[in-house]
Amino acid sequence: MQTTKNYQNSRPFHYKRSNSHEKNRRRQNQGFKFGKGTSLRGYGCSGHASAYIIPELRLQFDCGMLMKQYNKVSNIFISHAHLDHYSAIPSVVGLATMTKRPIKIYAHPIFIEKMEAILALYEDLDGMELTHHTFVPIEIGDVIRMKKGIFVEVFEAFHVENPNNIPAFSFAVYEERRKLKDEFKGLESREIAELKMDGVEINDVTKYTRWFYTGDTTTEIFNLDVAKEAENVITECTFLTDSLGGNAERYGHVQFSKLAEIIPTLNAKRIFLSHVSARHDSEQIAEAIKREDLFDDDRIVWVDNGLPRGAPIYCVDD
C-alpha cells in the first residue's frame, strides 16, 4: 500500500486519497490483524487511560476506560495500581452484572482487596448487587492458561514504588506447541497411551511468544528475552524527548530516544508505542521518528485515541 511522507501535514503520516480510502477506513474500525489471526484494539495516553483488547483471545490488558468491544472480553489483566489503568473496572463489572456475562479480572492480591472495598461502595450507592465477576490473584512468575495451548505469564515491570507495596506487572501471551518426539514416531496409539500413563513426556514442547505488554515500565524490561523475542510488542513510550532532564526512568517510564536504540534489536513484527504523554502532539511524534531515523521501520505503530498514528503503513486518516 502506498503512503505519503508529509511532515507539513497536521498528522505525521497519512494515506494518499484513492479509491481504497474506504477500505482503509474499514480496516481502522476492524482493528489490525496479523499473525495467527489476532488483532489489537486499544487506547493509550499517559494519565488519561490505558486499555488494550485482543478480541480473538477474549483478552484485555488494563482497564482505564470502558472499551466499545467490552463484550468481546472474558479476561482482564491489570498491570499496576495507577488510576488510568483500572478506573473503568466498576463499569465493566456493572455491565457484566446486567448482561450476565462473566468476567475474570487478574490482579495483585492487595489490589483485589482494595478494589472489592471500592465495589462495595458502588453497590451501596447504586443499590445493585454486582455479580458475574471474579477476581483472580496473580504474582510475578505465575502462568495462567487461557485456552488450549495459550498462556499468559506474569513478569515484573520497573515502575515507581507503590505505597501499598503493589508491584507493577508486564505480561506475555505465548502459544505452546507440542510435537511427538522422534523416538516415539511409528508407535501404535496403544503404546503411546501406555507411555503417557507411565508419566513419560512423549512430546517436544515449543513456546512462541505472540504478544508482550510492558505496562508502565522503564527500558530495563527489554533485558528480558521474552520481550526481545515476542512477535508483537505493546510498549509504553511516555516521553518523546528528554523533557525531564534525564529522569524519565526515575519516574518509571520510557523515553523514546532510549527506546529507539532498542527497537532494532527486537524480533517483533509489530511494535505498538503507546501511553504517550498528552504534552506531545502529532508533529512532535513525526519529528521524533525522523530524528531517530526510524521512519522506514514499518513495524512501528503509534497508538493514539484508539487508532494507530505515525507508522508508514498503519496510519490514521482522521
(request) Please tell me if the side chains of Glu231 and Glu175 come closer than 4.5 Å, counting only heavy atoms from C-beta onward. (result) no

(request) Determine whether Ile89 and Met128 fall in the same hydrophobic cluster, where Ile, Leu, Val, Met, Phe, Trp and Tyr are linked whenever their side-chain heavy atoms lie under 4.5 Å apart. (result) yes

(message) Checking the side chain of Glu56 only, and the main-chain atoms of Ser39 only, is there a donor and an acceptor separated by less than 3.5 Å?
(response) yes

(message) Please determine whether residues Ile54 and Tyr208 belong to a single hydrophobic cluster, defined as Ile, Leu, Val, Met, Phe, Trp and Tyr linked transitively by side-chain heavy-atom distances below 4.5 Å.
(response) no

(request) Can you establish whether the number of heavy atoms outside Tyr122 located under 6.0 Å from its atom OH is more than 12? (result) no

(request) Measure the shortest side-chain to side-chain distance between Arg299 and Ile263 over non-hydrogen atoms and say whether it is less than 4.5 angstrom. (result) yes

(message) With heavy-atom distances below 4.5 Å as the criterion, would you say the side chains of Asn164 and Phe111 are in contact?
(response) no

(request) For Val136 and Ile144, run side chain to side chain contact (heavy atoms under 4.5 Å, CB included): C-alpha distance rounded to whole Å, both residues' side-chain angles, the deciding distance at 0.1 Å, then the answer. (result) CA-CA 10 Å; Val136 182; Ile144 302 96; 5.9 Å; no

(message) For a quick test of reading the model, state the closest non-hydrogen atom pair linking Phe158 to Glu156 and the distance between them.
(response) CE1-O, 3.8 Å

(message) With a sphere of 6.0 Å drawn around CD of Glu161, does it hold more than 12 non-hydrogen atoms of other residues, nucleotides or ligands?
(response) no

(request) Identify the two heavy atoms, one from Ala81 and one from Ile166, that lie closest to each other, and give their separation to 0.1 Å. (result) CB-CD1, 4.0 Å

(request) Determine whether Ile150 and Tyr106 fall in the same hydrophobic cluster, where Ile, Leu, Val, Met, Phe, Trp and Tyr are linked whenever their side-chain heavy atoms lie under 4.5 Å apart. (result) yes

(request) Tell me whether Val93 is reachable from Leu83 by hopping between hydrophobic residues (I, L, V, M, F, W, Y) whose side-chain heavy atoms are closer than 4.5 Å. (result) yes

(message) Tell me the closest heavy-atom pair linking Ile76 and Cys63, and the distance in Å.
(response) CG2-CB, 4.1 Å

(request) Could you check if a side-chain atom of Leu40 sits within less than 4.5 angstrom of a side-chain atom of Trp211, using non-hydrogen atoms only? (result) yes

(request) State whether the number of non-hydrogen atoms from other residues, nucleotides or ligands found under 6.0 Å of Lys181 atom NZ is greater than 12. (result) yes

(message) Does any part of the side chain of Arg101, heavy atoms only, come nearer than 4.5 Å to the side chain of His132, both counted from C-beta?
(response) no

(message) Show the nearest heavy-atom pair for residues Ala107 and Ile112, with the distance to one decimal.
(response) O-CD1, 3.5 Å

(message) How long is the straight-line distance from OG1 of Thr209 back to CG of Asn232, given to the nearest 0.5 Å?
(response) 10.5 Å

(request) Could you check if a side-chain atom of His85 sits within less than 4.5 angstrom of a side-chain atom of Ser79, using non-hydrogen atoms only? (result) yes

(message) What I want to check is whether the side chains of Glu129 and Thr97 have a donor and an acceptor closer together than 3.5 Å.
(response) no

(message) Looking at Thr265 and Ile262, would you say the former's side chain and the latter's main chain have a donor-acceptor pair under 3.5 Å?
(response) yes

(message) With a 4.5 Å cut-off on side-chain heavy-atom distances among I, L, V, M, F, W and Y, is there a chain of contacts connecting Val143 to Ile138?
(response) no

(request) Starting from the C-alpha separation in whole Å, work towards a yes-or-no answer on side chain to side chain contact (heavy atoms under 4.5 Å, CB included) for Glu139 and His108. (result) CA-CA 6 Å; Glu139 301 274 7; His108 189 270; 3.5 Å; yes

(request) To the nearest 0.5 angstrom, please state how far the OG1 atom of Thr219 sits from the CD atom of Glu261. (result) 8.5 Å

(message) For a quick test of reading the model, state the closest non-hydrogen atom pair linking Phe212 to Val226 and the distance between them.
(response) CE1-CG1, 3.7 Å

(request) Could you tell me whether the side chain of Thr235 reaches within less than 4.5 Å of the side chain of Ile221, counting heavy atoms only? (result) no

(request) Tell me yes or no: between the side chains of Tyr213 and Asp62, is some donor less than 3.5 Å from an acceptor? (result) yes

(request) Mind checking the CD1-CZ spacing from Ile103 to Phe135? Nearest 0.5 Å is all I need. (result) 10.5 Å

(message) Just checking Lys72: does its NZ atom have more than 12 heavy atoms from other residues, nucleotides or ligands closer to it than 6.0 angstrom?
(response) no

(request) Report the distance from atom CG of Asn71 to atom OG of Ser74, rounding to the nearest 0.5 Å. (result) 10.0 Å

(request) Check the side chains of Ser91 and Tyr70 for a donor-acceptor pair under 3.5 angstrom, ignoring hydrogens and angles. (result) no

(message) Consider ring-ring contact (aromatic ring centres under 6.0 Å, His included). Of His48, His275, His253, His159, which one does His82 pass it with?
(response) His159

(message) Between Met146 and Leu59, is the side chain to side chain contact (heavy atoms under 4.5 Å, CB included) condition met? List the steps.
(response) CA-CA 9 Å; Met146 293 289 97; Leu59 174 67; 4.2 Å; yes

(request) Any chance you could measure Leu273, atom CG, to Phe256, atom CZ, to the nearest 0.5 Å? (result) 6.5 Å

(message) Could you check, using the six-membered ring where one of them is a Trp, whether Tyr52 and Phe61 have ring centers closer than 6.0 angstrom?
(response) no

(request) Before giving the answer on side chain to side chain contact (heavy atoms under 4.5 Å, CB included), spell out for Val233 and Phe222 the whole-Å C-alpha distance, their side-chain angles and the decisive distance to 0.1 Å. (result) CA-CA 10 Å; Val233 173; Phe222 291 103; 4.1 Å; yes

(request) Indicate the atoms forming the closest heavy-atom contact of Gly64 with Ala88, along with that distance. (result) C-CB, 4.0 Å

(request) Check whether any side-chain heavy atom of Ser274 sits under 4.5 Å from a side-chain heavy atom of Ile234, and report yes or no. (result) yes

(message) Under 3.5 Å, is there a donor on one side chain and an acceptor on the other for Thr238 and Glu236?
(response) yes

(request) Could you tell me the separation between the CZ atom of Phe169 and the OG1 atom of Thr214, rounded to the nearest 0.5 Å? (result) 14.5 Å

